[in-house]
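The structure under discussion appears below in the form of structure tokens.
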Number of protein chains: 2
Amino acid sequence: MPGHRSIAEAEKLAAARLGGIPVRHDQMAVVANIYRAASAVRQHLENSVLRGVDLTWTAFVVLWVIWIWGESETRHVAEEAGISKGTLTGVARTLEGRGLVQRADHPTDGRLVLLSLTDEGQELMQRLFPAFNEEEAFVTGQLSDADCRTVADGLRRVVLQVEENGEQRRQDLLGGAAPAPRRSGRRKA
Amino acid sequence: MPGHRSIAEAEKLAAARLGGIPVRHDQMAVVANIYRAASAVRQHLENSVLRGVDLTWTAFVVLWVIWIWGESETRHVAEEAGISKGTLTGVARTLEGRGLVQRADHPTDGRLVLLSLTDEGQELMQRLFPAFNEEEAFVTGQLSDADCRTVADGLRRVVLQVEENGEQRRQDLLGGAAPAPRRSGRRKA
DNA sequence: TCAGAATTGTTCGGATCCAAATCATACGGT
DNA sequence: ACCGTATGATTTGGATCCGAACAATTCTGA
């Protein structure tokens, strides 16, 4: 099982292949390992605690957000869960069909939809979260509490950087030009 | 765009909701931020350098792996790219159709398929990687080189923990019972 | 030698996922 | 009241994505 073992070598190969163009090695390693860790953690949790209750990672995250924050507008749930509004519509539909989530109209604003957990959803999360948190502790088992805080803080700064300066950065890169539309996706009727 | 701002609060809410059951806060924060950072980074890169050349994140990673390692067996590419074999088949088909990747039979083992970049694929990566690396530097812009090494090292330990002990851990959790099959997926004919 | 076990890539069912288009409602100014 | 704009959620097209089933090939041992 290669992968992580070969990052240093991969960087050298990349540098050689670029013929002397400088490479930001440390920054590249952060991005590579963020994604590698995210995949590993997600896979482990899906195949341990989530599989048994037939929940995908995304479905669990959505449940978790609603569980923690209580009845919420869908746009906030999508934001917190890190998925698009359109994706949330589908996931919420699935969860609603399984009796874990219910939707309700906003009392004053007819555009909004509120999501909340059903009793069954509440019970599921109460039972599931401790097991989930246990595995979070497992995957970080090689890190001390202080290490965890350091890593989490570093990651938080990455998230902040993208959220606060990403939009500006993208505009600068594209030079004001409209971003190329996705090749896939809906077309005008 | 809340999210990161509320993690501490979310943890308190979670603890309250669990009614005194201890929560591993630091570990929870690491997992939450790993995933948040992965989403943010992926989104930024897709919407900056990748969109213009009509590549998804996964397609780029696959190209990168083949570019760095040269002609490779598909199983190794899937492993390095962090996707399943089945997914790679589809992605490789897409990239082959766009003339960026070519496949070849293994000279001695008829089961294997080798993937390599076409000339066009080579040129694309040569042009694309510097821009990609530039954005890797941007998203980590709030971290010093030393910070980057620290964070990358911590993440590497998470990956290692899952890779080296994850399988055993899952078996222990399930108590030897066969893992529940996915609800979705192919059925016996 | 040759039948069963192992390994590899592909097919396939079902669910996600994004972003553009679209539909629906609320709000602004006149 | 009315109309244009802003802001919601949903629909839709295309591409992923996983993992089980499957087909093809190689390996193993008696």
Side-chain angles (χ1 to χ4, degrees), chain A residues 38-39 42-47 50-51 54-62 72-79 81-98 103-115 178-189, chain B residues 38-39 42-47 50-51 54-62 72-79 81-98 103-115 178-189:
Chain A
S39 298
R42 174 174 180 158
Q43 183 134 3
H44 175 74
L45 281 159
E46 282 189 336
N47 289 332
L50 260 30
R51 178 73 67 87
D54 194 38
L55 286 178
T56 62
W57 173 273
T58 300
F60 175 80
V61 171
V62 168
S72 306
E73 302 169 16
T74 60
R75 59 193 164 135
H76 293 150
V77 175
E79 172 90 49
I83 59 179
S84 70
K85 296 181 302 173
T87 299
L88 178 60
T89 296
V91 173
R93 200 200 325 272
T94 299
L95 292 174
E96 192 181 14
R98 289 185 51 187
R103 64 180 64 209
D105 294 333
H106 191 279
T108 64
D109 192 330
R111 293 170 300 180
L112 304 180
V113 171
L114 300 173
L115 297 179
R182 258 199 171 199
R183 197 86 62 179
S184 68
R186 194 172 182 173
R187 306 262 186 272
K188 268 182 225 169
Chain B
S39 298
R42 174 176 178 156
Q43 183 133 1
H44 175 73
L45 281 159
E46 282 189 335
N47 288 333
L50 260 31
R51 177 73 68 87
D54 192 40
L55 285 178
T56 63
W57 173 274
T58 300
F60 174 81
V61 171
V62 167
S72 307
E73 303 168 15
T74 61
R75 61 192 162 132
H76 293 149
V77 175
E79 172 92 48
I83 60 179
S84 71
K85 296 182 301 173
T87 299
L88 177 59
T89 296
V91 174
R93 200 199 327 272
T94 299
L95 293 174
E96 192 182 14
R98 290 187 49 189
R103 63 180 65 210
D105 294 334
H106 190 281
T108 64
D109 190 332
R111 294 169 301 181
L112 304 181
V113 172
L114 300 174
L115 297 178
R182 258 200 168 196
R183 197 86 64 181
S184 68
R186 194 171 181 175
R187 306 264 187 270
K188 269 182 225 172

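A, B, ... follow the sequence lines: proteins, then strands. Residue 1 opens every chain. Hydrogens, waters and symmetry mates are skipped; everything else that's a heavy atom, side chains included, is used.
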### Query
Considering only C/dT8, D/dT10, D/dG19, which nucleotide approaches the side chain of B/Leu112 most closely?
C/dT8
### Task
Kindly say if A/Thr94 contacts the phosphate of C/dA15, meaning a side-chain N or O under 4.0 Å from OP1 or OP2.
no
### Query
Got a sec, which residues hit side-chain hydrogen bond (donor to acceptor under 3.5 Å, both in side chains) with B/Arg75, two or more places apart in sequence or on another chain?
B/Glu73
### Task
Examine C/dC18: is either OP1 or OP2 under 4.0 Å from a nitrogen or oxygen in the side chain of B/Asn47? Give yes or no.
no
### Task
Could you work out which one of C/dA26, D/dG19, C/dA19 sits closest to the side chain of B/Ser84?
D/dG19
### Query
Could you give the distance from CG (B/Leu95) to CZ (B/Arg103), rounded to the nearest 0.5 Å?
10.0 Å
### Query
Once you round it to whole Å, what is the distance between P of C/dT7 and NE2 of B/His106?
17 Å
### Query
Which comes earlier along DNA chain D counting from the 5' end, the contact point of B/Thr108 or that of A/Lys85, where each point is its nearest nucleotide?
A/Lys85
#### Entry: N/O (side chain, A/Arg51) to phosphate O (OP1/OP2, D/dG19) under 4.0 Å
yes
### Message
Heavy atoms from C-beta onward define the side chain here; which of C/dG9, C/dA19, D/dG19 lies closest to that of B/Gln43?
### Response
C/dA19
### Query
Do any side-chain nitrogens or oxygens of A/Thr56 fall under 4.0 Å of OP1 or OP2 in C/dT16?
yes
### Task
Inspect the surroundings of CG in A/Asp109 and state if more than 12 heavy atoms from other residues, nucleotides or ligands are less than 6.0 Å away.
yes
### Query
Side-chain N or O of A/Thr74 less than 4.0 angstrom from OP1 or OP2 on D/dA9?
yes
### Query
A/Arg103 side chain N/O closer than 4.0 Å to the phosphate oxygens (OP1, OP2) of D/dA9?
no
### Summary
Closest of C/dA6, C/dG9, C/dT16 to the B/Val113 side chain is C/dG9
### Task
Name the residue closer to the 5' end of DNA chain C, choosing between B/Arg187 and B/Asp109 according to the nucleotide with the nearest heavy atom.
B/Asp109
#### Entry: Distance test, side-chain N/O of A/Thr87 to OP1/OP2 of C/dC17, below 4.0 Å
no
### Task
Taking only the side-chain nitrogens and oxygens of B/Thr58, find out if one of them lies under 4.0 Å from OP1 or OP2 of D/dA15.
no
### Message
Within the 4.5 Å heavy-atom criterion, are A/Val61 and A/Arg42 side-chain neighbours or not?
### Response
no
#### Entry: Side-chain donor/acceptor of B/Arg186 to base of D/dA20, under 3.5 Å
no
### Query
Is the base of C/dT7 touched by the side chain of B/Arg75 through a donor-acceptor pair closer than 3.5 angstrom?
no
#### Entry: Enclosure of A/Asp54 CG (heavy-atom neighbours >12, cutoff 6.0 Å)
yes
### Message
Without decimals, in angstroms, what is the distance between B/Arg98 CZ and D/dA15 C1'?
### Response
12 Å
### Query
So which one's nearest nucleotide on DNA chain C is more toward 5', B/Leu88 or A/Gly86?
B/Leu88
### Message
Using OP1 and OP2 only, check whether a side-chain N or O of B/Arg93 sits under 4.0 Å from C/dT11.
### Response
yes
